[in-house]
Amino acid sequence: MLDVIKTEYNSYENYPQIKRLLDLFFGNIEQYEGSNIDKLSAKSFFNSDNGMIEYNLALPNGFGTFLEQLVLHYQLPVQLNCIVTRIDASSSDSIVRLSIRDGRTLQCKYVLITIPLGCLKARSIEFIPDLPDWKQNAIDVMGMGLADKMFVEFPYVFWDPTLPSIYCTSPQFRFILCRPNDCILQIKLAARIAYDIEQKDDKKTIDEFMKLLRTIFSDHEVPEPTRFLLTRWAQDPFARGAYSNFGVGSDKQTLLDLARECHNRIHWAGEHTNHDGSIGCVDSAFESGQREAKKLIEKLKE
Ligand SMILES: Cc1cc2nc3c(=O)[nH]c(=O)nc-3n(C[C@H](O)[C@H](O)[C@H](O)COP(=O)(O)OP(=O)(O)OC[C@H]3O[C@@H](n4cnc5c(N)ncnc54)[C@H](O)[C@@H]3O)c2cc1C
């Protein structure tokens, strides 16, 4: 994307205010995709939503409750803390063997892999035989974005309580959601900014944020925060990022390759495989799971 706009973008070099506004605008795209514009594909840019109609629904008790309902309704035998380290599909008996970190081996006819793209990129599961080149290439070329959140609680609301959000042309803290009922400011961080902040000490980040707030609200008294919380999705070994995006060189074929079965018995789902809908979202993950479940039901009938 940056290549496409570079000439125009650079022409604002001597207009720092306009450039900061432009950076805020591009920051909005980077926030949504979780990736910097120099890493995003211009050709595939509009494909991540794929015509999706957006509805916003918050699950106040978290996604765990949504999954619990499914598990209870269909009596699914879910095993928690079952970390797969190796998938061996090399045996001639058509049984796939999964090595679990606690030393167990599970045997099954088919495997449906739904670990995040970030974990696939980090090769956190060993495959025997190796994944075919077309699958590994798709894993490598598809983008895995990063989005983090920073929650800062104050003893009282010092900002205008009718403000839904604050957009700032700061290089770090650009998008602030205001939650006056909880006395919380929620800062959205993405891409390179989020990677940098994940490396820093929380206290240093909060001090930098407070400095910015005291500049914005220079005519108010800004109290010290009572508590704060920062997420670190890139450092989570079971996530290694937030959600996928179309990186340079990826397109619909990449999604088809990410979704395509390999080694006969290994199937793939997860938001990064949803080639007929959106990617990166909960509904993308859900639809991809349904797609593969239907295929597996048919196979099990054979
Ligand atoms: C900050 C943030 C904000 C977001 N906001 C939204 C939003 O507003 N709306 C929206 O729709 N989506 C949002 N998303 C994206 C959404 O959360 C993901 O697209 C969705 O959760 C992907 O589902 P999934 O099943 O593909 O992967 P995941 O939900 O990541 O599930 C993968 C599972 O695999 C497990 N796993 C990893 N490695 C192993 C292993 N070796 N062995 C066994 N298990 C393993 C993980 O523990 C995890 O449970 C957001 C994500 C982030 C980070």
Side-chain angles (χ1 to χ4, degrees), residues 1 3 33-36 38-48 50 83-101 105-146 191 234 236-280 284-285 287-296 298-299:
M1 285 184 73
D3 278 350
E33 300 286 343
S35 181
N36 288 92
D38 59 337
K39 300 269 188 287
L40 289 170
S41 163
K43 282 184 189 164
S44 299
F45 178 55
F46 290 108
N47 293 353
S48 20
N50 206 10
I83 303 164
V84 178
T85 54
R86 183 162 55 188
I87 297 179
D88 185 344
S90 63
S91 168
S92 55
D93 59 7
S94 302
I95 297 290
V96 186
R97 289 173 175 78
L98 306 190
S99 305
I100 311 301
R101 191 181 281 174
T105 303
L106 304 181
Q107 300 191 14
C108 37
K109 285 186 181 166
Y110 299 102
V111 178
L112 174 54
I113 300 176
T114 66
I115 66 168
L117 178 66
C119 298
L120 294 172
K121 282 180 180 292
R123 301 186 185 218
S124 64
I125 296 181
E126 181 193 0
F127 289 90
I128 303 174
D130 284 344
L131 292 176
D133 286 348
W134 54 264
K135 177 69 78 181
Q136 193 58 54
N137 287 343
I139 291 170
D140 294 342
V141 79
M142 193 71 194
M144 183 63 180
L146 178 60
D236 184 324
F238 303 109
R240 298 205 183 271
Y243 40 79
S244 66
N245 56 55
F246 284 102
V248 174
S250 61
D251 54 20
K252 173 126 189 216
Q253 185 57 47
T254 316
L255 293 184
L256 289 164
D257 288 344
L258 284 168
R260 191 166 129 207
E261 175 197 341
C262 64
H263 297 339
N264 283 325
R265 301 183 164 267
I266 300 187
H267 285 248
W268 304 78
E271 54 82 15
H272 54 281
T273 71
N274 199 36
H275 48 77
D276 283 336
S278 64
I279 58 164
S284 330
E287 283 170 14
S288 73
Q290 288 181 315
R291 179 198 70 217
E292 290 307 305
K294 281 177 192 152
K295 283 190 206 163
L296 285 170
E298 287 310 310
K299 279 189 165 183

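- For K121 (side chain) and M142 (main-chain N/O), a donor-acceptor pair under 3.5 Å exists by modelled atom type.
- The minimum heavy-atom distance between I83 and F238, with the atom names listed, is CD1-CZ, 3.6 Å.
- With rounding to the nearest 0.5 angstrom, the CZ atom of R291 is 6.5 Å from the CG atom of N274.
- The two residues G270 and S288 come nearest to each other via the heavy atoms N-OG, 2.8 Å.
- For the pair P132 and H263, the minimum side-chain heavy-atom distance is below 4.5 Å.
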For H272 and I139: C-alpha separation, side-chain torsions, deciding distance, then whether side chain to side chain contact (heavy atoms under 4.5 Å, CB included) applies. CA-CA 9 Å; H272 54 281; I139 291 170; over 6 Å; no

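- Without hydrogens or angle criteria, K39 side chain to V248 main chain gives no donor-acceptor distance under 3.5 Å.
- Taking the side chain as every heavy atom from C-beta outward, Q136 and R123 approach each other to under 4.5 Å.
- Remark: the backbone N or O of A269 is not paired with any side-chain donor or acceptor of T114 at under 3.5 angstrom.
- Remark: R86 pairs with E126 by the salt bridge (charged side-chain N to carboxylate O under 4.0 Å, His left out) rule, at least two apart or across chains.
- E292 places none of its side-chain heavy atoms less than 4.5 Å from the side chain of T273.
- L106 places a side-chain heavy atom less than 4.5 Å from the side chain of I100.
- No side-chain donor-acceptor contact under 3.5 Å links S124 and R240.
- Under the 3.5 Å distance criterion, the side-chain polar atoms of K135 are matched with a main-chain donor or acceptor of R260.
- Judged by distance alone, the side chain of E271 and the main-chain N or O of S244 form a donor-acceptor pair under 3.5 Å.
- Summarising the local packing, NZ of K43 is surrounded by 12 or fewer heavy atoms from other residues, nucleotides or ligands at distances under 6.0 Å.
- H275 places no side-chain N or O within donor-acceptor distance of the main-chain N or O of T254, the cut-off being under 3.5 Å.
- Contact check for Y243 versus I279: no side-chain heavy atoms found under the 4.5 Å cut-off.
- Closest of all the heavy-atom pairs between L98 and C108 is CG-SG, 4.2 Å.
- Summarising the geometry, atom OG belonging to S35 is positioned 4.0 Å from atom CG belonging to L40; distances are rounded to the nearest 0.5 Å.
- Residues D257 and N137 fail the side-chain proximity criterion, which asks for heavy atoms closer than 4.5 Å.
- With rounding to the nearest 0.5 angstrom, the CG atom of D140 is 12.0 Å from the OG atom of S250.
- Here the SG-CG distance, from C119 to D236, works out to 7.5 Å after rounding to the nearest 0.5 Å.
- Annotation: side chain of S44 is not in contact with side chain of K252 (no heavy-atom distance under 4.5 Å).
- The backbone N or O of D38 lies less than 3.5 Å from no partner atom in the side chain of N36, so there is not a single donor-acceptor pair.
- Counting heavy atoms from C-beta outward, K109 and K299 have side chains that stay 4.5 Å or more apart.
- In this structure, OG1 on T85 lies 8.0 Å from CD1 on I125, to the nearest 0.5 angstrom.
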In sequence, state the C-alpha distance, the side-chain angles, and the governing distance for I113 and I266, and then conclude on side chain to side chain contact (heavy atoms under 4.5 Å, CB included). CA-CA 7 Å; I113 300 176; I266 300 187; 3.4 Å; yes

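- Taking F127 as the reference, W268 meet the ring pair (Phe, Tyr, Trp, His ring centres under 6.0 Å) condition, with sequence neighbours excluded.
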L131 vs C262, test: side chain to side chain contact (heavy atoms under 4.5 Å, CB included). Steps then yes/no. CA-CA 8 Å; L131 292 176; C262 64; 4.1 Å; yes

If you apply the rule side chain to side chain donor-acceptor pair (under 3.5 Å), what do you find for S278 with S284, and how did you get there? CA-CA 6 Å; S278 64; S284 330; 2.9 Å; yes

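- Taking a cutoff of 4.0 Å between a charged side-chain nitrogen and a carboxylate oxygen, K295 and E298 do not qualify as a salt bridge.
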